> 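Sending over a structure as structure tokens; questions will come in a sec.
Predicted, not measured: the structure shown is a model, and the values here were computed from it. We count residues from 1, following the sequence as given.
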Amino acid sequence: MRMRRKKNLVSRMESCEAVWMKEPEFLRGRWLEGRFQERVHLEIGCGKGKFTVETAAAERDALLIAIERVREAMVIAMERAVERERDNILFIDMDAERLTDVFAPDEIERIYLNFSDPWKSPRHAKRRLTSPGFLELYKKILAPGGEIHMKTDNVDLFNYSLARFPVCGYEITQVTRDLHGQGIAGKMTDYEEKFYEAGTPICRCVARWSGDGNG
């Protein structure tokens with residue numbers, strides 16, 4: 001995602017300090033301490049946060065932690081969360097490769113991958129968030145029975161992911177290649193809303209990790 005540098009970016013982020021986790025590694029293994037939520041969900045690449053804020057509003061018993069490495073996008077997401085007074089969302093600006101620095105084993109019950117960069121070039125395949133390297137990384141933080149919920153408009157990335165999940169020990173439990181074919185289904189991202197209006201089919205799948213090493 002490329003965005004123009006936003007004016008007063010630092011001051012805008014500082015004004016959202018209630019939801020911005022600057023040193024998330026200190027909460028590793030204890031994200032739910034002192035909170036009313038019962039489980040932790042993780043969104044990798046939250047963008048401007050439309051899906052994040054609306055999902056948090058619908059799932060009050062879950063703490064939704066959103067990761068985004070582009071601060072110009074994340075500040076918009078944080079401002080949305082603060083404006084709507086969502087007390088079950090936290091944001092971290094970091095790369096997904098650092099997940100185990102921030103989350104302990106079995107700490108995450110669900111991971112959202114919404115419209116991730118497809119990294120189309122084969123030489124960049126390992127950067128895809130559903131590449132074997134990342135799928136193995138997720139196992140280190142997912143609880144037994146934990147799920148990955150993936151949405152994309154990129155058919156090639158979707159096919160690639162469907163092939164990688166079972167090889168890496170995940171059971172695919174849901175698959176659709178036209179999520180909104182019969183009308184809007186679930187919460188949308190900003191990108192997804194534009195795709196829907198343009199008539200672009202959205203692919204979605206859910207992959208489950210049993211936690212036993214055998215998928």
Side-chain angles (χ1 to χ4, degrees), residues 1-9 12-13 16 19-20 41-59 62 64-86 88-96 110-121 124-125 127-131 134 147-165 172 174-207:
M1 177 189 297
R2 293 183 179 180
M3 299 185 66
R4 293 180 180 177
R5 184 169 180 81
K6 296 189 177 299
K7 294 181 180 179
N8 307 316
L9 177 61
R12 287 174 63 183
M13 293 186 71
C16 299
V19 297
W20 181 23
H41 291 175
L42 173 65
E43 182 182 7
I44 302 178
C46 68
K48 297 179 181 178
K50 181 180 185 296
F51 173 89
T52 314
V53 172
E54 293 182 2
T55 297
E59 300 179 358
L64 179 52
I65 300 175
I67 290 177
E68 176 57 61
R69 61 182 181 178
V70 180
R71 285 188 166 192
E72 286 80 3
M74 194 179 83
V75 70
I76 297 174
M78 292 197 298
E79 288 172 342
R80 278 175 160 172
V82 171
E83 179 183 356
R84 302 185 191 184
E85 300 182 339
R86 292 272 65 87
N88 61 328
I89 308 175
L90 296 174
F91 294 88
I92 306 172
D93 55 313
M94 73 173 202
D95 194 284
R110 182 180 299 171
I111 295 175
Y112 292 109
L113 301 178
N114 294 321
F115 302 92
S116 307
D117 191 327
W119 293 104
K120 296 180 180 180
S121 172
H124 290 149
R127 297 186 183 184
R128 298 169 189 163
L129 291 181
T130 51
S131 67
F134 276 108
E147 296 178 334
I148 297 175
H149 291 214
M150 176 192 180
K151 289 195 288 187
T152 183
D153 64 307
N154 189 291
V155 176
D156 289 339
L157 177 62
F158 193 62
N159 290 338
Y160 170 90
S161 303
L162 291 179
R164 297 304 179 279
F165 279 125
I172 298 174
Q174 297 178 35
V175 177
T176 177
R177 293 179 180 273
D178 191 5
L179 177 60
H180 307 301
Q182 303 301 317
I184 296 175
K187 308 303 180 184
M188 289 189 177
T189 71
D190 290 283
Y191 280 130
E192 188 174 1
E193 194 169 62
K194 294 178 180 178
F195 292 145
Y196 175 74
E197 293 173 354
T200 303
I202 302 302
C203 300
R204 178 182 182 272
C205 70
V206 175

> Is the backbone of K48 close enough, under 3.5 Å, to the side chain of R80 for a donor and an acceptor to pair up by distance?
yes
> Just verifying a value: how many Å separate L64 CG and H41 NE2, rounded to the nearest 0.5 Å?
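Going from CG on L64 over to NE2 on H41, the span is 8.0 Å.
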> Mind checking whether H149 and Y112 have parallel, tilted or perpendicular rings, split at 30° and 60°?
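Ring orientation, 0 to 90° scale: perpendicular.
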> Check this for me: E85, atom CD, are more than 12 non-hydrogen atoms of other residues, nucleotides or ligands nearer than 6.0 Å?
no
> Do E192 and R204 meet the salt-bridge criterion of a basic N to acidic O distance under 4.0 Å?
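No.
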> I'd like to check N154 versus K120 (side-chain heavy atoms, cut-off strictly below 4.5 Å). Are they in contact?
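Answer yes - side chains close enough.
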> Show your reasoning for whether side chain to side chain contact (heavy atoms under 4.5 Å, CB included) applies to S131 and Y160.
CA-CA 8 Å; S131 67; Y160 170 90; 3.5 Å; yes
> Give a yes or no on whether a salt bridge exists between R71 and D93, defined as a side-chain N under 4.0 angstrom from a carboxylate O.
yes
> Report, as yes or no, whether the 6.0 Å neighbourhood of atom CZ on R164 holds more than 12 heavy atoms from other residues, nucleotides or ligands.
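Yes.
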> Is the shortest heavy-atom distance from the side chain of K151 to the side chain of N114 under 4.5 Å?
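Yes, side chains in contact.
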> What closest approach, in Å, do K187 and A58 show between heavy atoms, and which atom pair accounts for it?
CE-CB, 4.0 Å
> Quick one, I67 and R69 - any side-chain contact, counting heavy atoms below 4.5 Å?
no
> Can you sort out the partners of V19 under side-chain contact (heavy atoms from CB on, under 4.5 Å), two or more places apart, ordered by chain and number?
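Residues passing side-chain contact (heavy atoms from CB on, under 4.5 Å) with V19: C16, M78, V82, F91.
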> I need the E54 CD to T189 OG1 distance, nearest 0.5 Å.
10.0 Å
> Nearest 0.5 Å, what's the CD-CD1 distance between E43 and I111?
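Going from the CD atom of E43 to the CD1 atom of I111 covers 11.5 Å.
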